[in-house]
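Owing to the predicted nature of the structure, the values given are computational and were not obtained by experimental measurement. Atoms within a ligand are numbered from 1 in the order they appear, just like the ligands themselves. Worth knowing before you read on, the calculation uses all heavy atoms, side chains too, and leaves out hydrogens, waters and symmetry mates. The first residue in the sequence is number 1, and the count goes up from there.
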Amino acid sequence: MGETDVIDLLLAQHAMIRDLFDEVEQAPADKRGEAFTRLVRLLAVHETAEEEIVHPYARRKIDGGDAVVEDRLAEENEAKELLMRMDEAGPEAPDFTQNLAMLRAAVEAHARSEERYEFTQLRGHTSEAERRSMATGVKAAEAMAPTHPHPGTESATKNVLVGTPVAMMDRVRDVIRQAMGKNP
Ligand SMILES: [Fe+2]
Ligand SMILES: [Fe+2]
């Protein structure tokens with residue numbers, strides 16, 4: 001795991017996010033909340049890592065970087081607002097399934113745009129060493145969002161994310177900045 005490319009890592013997270021959407025959709029009513037929490041955690045980790053590490057790089061390195069990143073941030077914020085509303089209303093809310101479908105469509109369209117307009121260019125404009133160094137922060141964040149914890153062992157992971165999506169994102173941001181050697 002020491003030699004990971006940040007783009008590979010983010011693409012793998014896009015796939016994990018799709019899988020977790022499947023799980024939440026297919027979960028029986030009594031398991032839906034738990035699966036949704038895992039999805040919220042992974043989204044908090046993934047989007048915060050992109051915002052802290054990858055988008056700033058893309059702004060500087062790729063052609064028209066500012067515009068590409070502004071478009072991605074607008075998509076991320078839209079999805080985040082819906083995610084916060086869903087988290088507040090809870091998995092029992094009557095419009096949960098409908099909102100989940102909307103969230104999924106937004107998150108997946110956003111991921112496709114990143115892959116098409118940002119990641120491909122970023123790979124071409126960065127060195128392997130730069131991509132490995134960016135991966136350090138993403139991996140530190142990913143450890144806080146176990147996607148398939150064994151029942152009962154989750155509390156053993158000290159850093160596992162709890163609370164509202166906003167609280168999770170704040171925590172992820174701190175961990176990333178520490179891992180990247182920046183002052184919080
Ligand atoms: Fe994103
Ligand atoms: Fe992404």
Visitor: A side-chain contact here means heavy atoms from C-beta on lying under 4.5 Å apart; do Asp5 and Arg123 qualify?
Guide: yes

Visitor: Find, among atoms of Glu76 that are N, O or S, the one nearest to the Fe ion (ligand 1), and state its name.
Guide: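 Result: OE2.
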
Visitor: Name of the His14 N, O or S atom nearest the Fe ion (ligand 2)?
Guide: NE2

Visitor: For the backbone of Ser127 and the side chain of Glu130, can you confirm whether one donor and one acceptor N or O come within less than 3.5 Å of each other?
Guide: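 Answer holds: yes.
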
Visitor: How close do Thr4 and Ala135 get, heavy atom to heavy atom, and via which atoms?
Guide: O-CB, 3.3 Å

Visitor: How wide is the angle at the Fe ion (ligand 2) between NE2 in His46 and OE1 in Glu114, to the nearest 10°?
Guide: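 Roughly 170°, rounded to 10°.
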
Visitor: Nearest N/O/S atom of Glu47 with respect to the Fe ion (ligand 1), by atom name, please.
Guide: OE1

Visitor: Can you tell me how the ring of His14 sits relative to the ring of His46, calling it parallel under 30°, perpendicular over 60° and tilted otherwise?
Guide: perpendicular

Visitor: So which pairs with a foot in residues 72-84 pass side-chain hydrogen bond (donor to acceptor under 3.5 Å, both in side chains), sequence neighbours left out?
Guide: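 As it turns out, the side-chain hydrogen bond (donor to acceptor under 3.5 Å, both in side chains) pairs with a partner in residues 72-84, which skip direct neighbours, are Glu51-Lys80, His55-Glu76, Arg72-Glu75, Glu75-His110, Glu76-His110.
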
Visitor: Restricting to N, O or S atoms of Glu50, which is nearest to the Fe ion (ligand 2)?
Guide: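 For Glu50, the N/O/S atom sitting closest to the Fe ion (ligand 2) is OE2.
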
